[in-house]
2 protein chains.
Amino acid sequence: MSKEIAQLNELWTDIYYRLRYNHSEKITHQAIRILQVIQKESEVGIKEIARAIQVSHNTASEHVKRLLEKGYIVKTRSAADERKVILQLTAEGNDILHRHSSLDEEKLRHLLFEKMTKEERQAVLDAFALLKERADDVYYR
Amino acid sequence: MSKEIAQLNELWTDIYYRLRYNHSEKITHQAIRILQVIQKESEVGIKEIARAIQVSHNTASEHVKRLLEKGYIVKTRSAADERKVILQLTAEGNDILHRHSSLDEEKLRHLLFEKMTKEERQAVLDAFALLKERADDVYYR
DNA sequence: TTATTTATATCGTATCATAAGATATATTCT
DNA sequence: AGAATATATCTTATGATACGATATAAATAA
């Protein structure tokens, strides 16, 4: 493993450890994973959830049922095929996922606007955008 | 919330979603959190674990016991106070934590060395280092 | 020295999270 | 019409998670 890869990963995990939200509401591990899939992919149904988290369709359906009950997602039927459901996050769903996978906004605000110059801020954003753009190439190849 | 903060968070979660390891071994959610604490903090004992993951000391002790059994951590007694234990990750512990919190090395190798110029690579690393340095300020303030 | 506090370990009990086989209904495809 | 597909529900079972009660040992206070 090259020095750069190890370095980047250490920076990555360090940054997350320092900047993540501290006091999170209780939500299950698989629920977070499912909400992520729904947010990051398009046209997500039970089959896609099952495949993404590597469980049977019945397990996936049960998980989805619970998320519906909690109000984190909503379900519609696909116009193209009425057997298929299309799942989407609600505002609550987006909110709780945010808190379990994003960087704490207050910490970010402080960091970006009180600890960085405008140029530094832009450099960070540019670097992240570049990394994400290249990551898309890897993900979708 | 400012545009930059939202943008950074979307980039952050997108990058992780695309670059994380795909097929992870089964390890529990709290186990990962504990391994992270042990890796990122110093002089970690039962009390520190309990506080970090917000459980009672007995629960923390049980969790630690299981991680010891799996060989993910080792335990020593503090020379300064023999009641206290000091926990450290084993190579296996580091390895499994890596797979549940870091970016996939193969994806990173491909991305950094086949999709980026040397200048771009350096810009990304510099930006991450800067963000981490400022994150330290926020975390330790 | 004794009493109290601190740090961890173990046991028993309980609830929640997670999973999948069996079965069912509805829709789409052959 | 029959087969395949997509999801939903029920039943059963194991693992994950948590903490009160209790215990031992070490450190600190009186």
Side-chain angles (χ1 to χ4, degrees), chain A residues 23-38 41-88 93 96-97 99-101, chain B residues 23-38 41-88 93 96-97 99-101:
Chain A
H23 300 296
S24 302
E25 303 94 312
K26 297 297 179 184
I27 178 166
T28 71
H29 181 53
Q30 293 291 58
I32 292 295
R33 291 179 74 197
I34 290 165
L35 294 177
Q36 271 177 330
V37 174
I38 294 169
E41 310 280 0
S42 55
E43 308 272 343
V44 178
I46 303 293
K47 189 166 78 169
E48 288 74 36
I49 298 283
R51 183 184 297 125
I53 68 172
Q54 297 281 297
V55 294
S56 64
H57 80 267
N58 21 11
T59 300
S61 187
E62 296 277 355
H63 279 298
V64 163
K65 184 172 162 186
R66 286 192 286 269
L67 289 172
L68 283 163
E69 284 162 2
K70 291 178 198 280
Y72 293 144
I73 60 175
V74 289
K75 177 167 75 168
T76 54
R77 288 279 165 175
S78 164
D81 180 345
E82 287 193 9
R83 297 172 300 181
K84 284 179 176 297
V85 300
I86 304 293
L87 302 168
Q88 289 178 298
I96 199 162
L97 177 58
R99 256 197 295 286
H100 282 80
S101 62
Chain B
H23 301 297
S24 302
E25 304 94 313
K26 296 299 180 186
I27 177 165
T28 71
H29 181 52
Q30 293 292 58
I32 292 294
R33 292 178 74 199
I34 291 165
L35 293 177
Q36 272 177 328
V37 174
I38 294 170
E41 310 279 359
S42 55
E43 307 274 338
V44 178
I46 303 291
K47 192 167 73 171
E48 288 74 33
I49 299 282
R51 182 184 298 126
I53 70 171
Q54 297 282 295
V55 296
S56 64
H57 81 267
N58 22 12
T59 300
S61 187
E62 298 274 355
H63 278 299
V64 163
K65 183 172 162 186
R66 286 191 286 269
L67 289 173
L68 284 163
E69 285 162 2
K70 291 178 199 277
Y72 293 144
I73 60 176
V74 288
K75 177 167 76 169
T76 53
R77 288 276 165 176
S78 165
D81 179 346
E82 287 193 10
R83 298 171 302 180
K84 286 178 174 297
V85 299
I86 305 293
L87 302 168
Q88 288 178 299
I96 199 162
L97 176 58
R99 258 198 294 286
H100 283 80
S101 61

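In what follows, chains carry the letters A, B, and so on, assigned in the order in which the sequence lines appear, proteins first and then strands, with residues in each chain numbered from 1. What you see below is based on every heavy atom in this structure, not just the backbone, and it leaves out hydrogens, waters and symmetry mates.
- Atom pair A/R66:CZ and D/dT9:C1' shows a separation of 12 Å (rounding to whole Å applied).
- Nucleotide D/dT28 holds its C1' atom 15 Å from the CD atom of B/E82, rounded to whole Å.
- Residues meeting the side-chain contact (heavy atoms from CB on, under 4.5 Å) test with A/K84, sequence neighbours left out: A/E48, A/S78, A/D81.
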Check your understanding: How would nucleotides 19-24 of chain D be written as a contact map, 5' to 3', with B for base contact, S for sugar-phosphate-only contact and - for no contact, using protein heavy atoms under 4.0 Å?
Key -> BBB---
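- As a whole-Å value, the separation of A/Q30 CD from D/dT17 P is 12 Å.
- Going from atom OH of A/Y72 over to atom CD1 of A/I34 covers 13.0 Å, rounded to the nearest 0.5 Å.
- To the nearest 0.5 Å, the span separating CD1 on A/I86 from CZ on A/R77 amounts to 10.0 Å.
- Every side-chain contact (heavy atoms from CB on, under 4.5 Å) that B/E41 has, sequence neighbours left out, goes to A/Y17, B/V37, B/V44, B/Y139.
- A/R33 is linked by a side chain to side chain donor-acceptor pair (under 3.5 Å) to A/Q30, counting only residues two or more places apart in sequence or in another chain.
- Atom CG of B/L87 and atom CD1 of B/I46 lie 5.5 Å apart (nearest 0.5 Å).
- Of the residues in residues 69-81 of chain B, those placing a heavy atom less than 4.0 Å from an atom of DNA chain D are B/D81, in numerical order.
- Within the structure, every side-chain polar atom (N or O) of A/H29 is placed at least 4.0 Å from both OP1 and OP2 of D/dA16.
- Between A/I38 and A/I49, the closest side-chain pair of non-hydrogen atoms falls below 4.5 Å.
- Residues passing the ring pair (Phe, Tyr, Trp, His ring centres under 6.0 Å) test with A/H100: none are found, sequence neighbours excluded.
- The nucleotide range of DNA chain C contacted by chain A, defined by atoms under 4.0 angstrom from heavy atoms of the protein and reported 5' to 3', is C/dA17 to C/dT28.
- At a threshold of 4.0 angstrom between heavy atoms, the contacts of B/T28 are confined to the sugar-phosphate backbone, with no base atom among them.
- A/H29 meets the ring pair (Phe, Tyr, Trp, His ring centres under 6.0 Å) test with B/H29; sequence neighbours excluded.
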Side-chain atoms of residues 59-68 of chain B: list all donor-acceptor pairs with protein atoms under 3.5 Å, sequence neighbours left out, distances to 0.1 Å.
from  : atom 1 : to    : atom 2 : distance (Å)
B/T59 : OG1    : B/S56 : OG     : 3.0
B/H63 : ND1    : B/R66 : NH2    : 3.4

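- Residue-to-nucleotide contacts include a donor-acceptor pair under 3.5 Å from the side chain of A/R83 to the base of D/dT5.
- At a threshold of 4.5 Å between non-hydrogen side-chain atoms, the residues A/I32 and A/L97 count as touching.
- Counting to the nearest Å, the P atom of D/dT11 and the NZ atom of A/K65 are 11 Å from each other.
- One interatomic measurement links the two molecules: NZ of A/K26 to P of D/dT17, which rounds to 10 Å at whole-angstrom precision.
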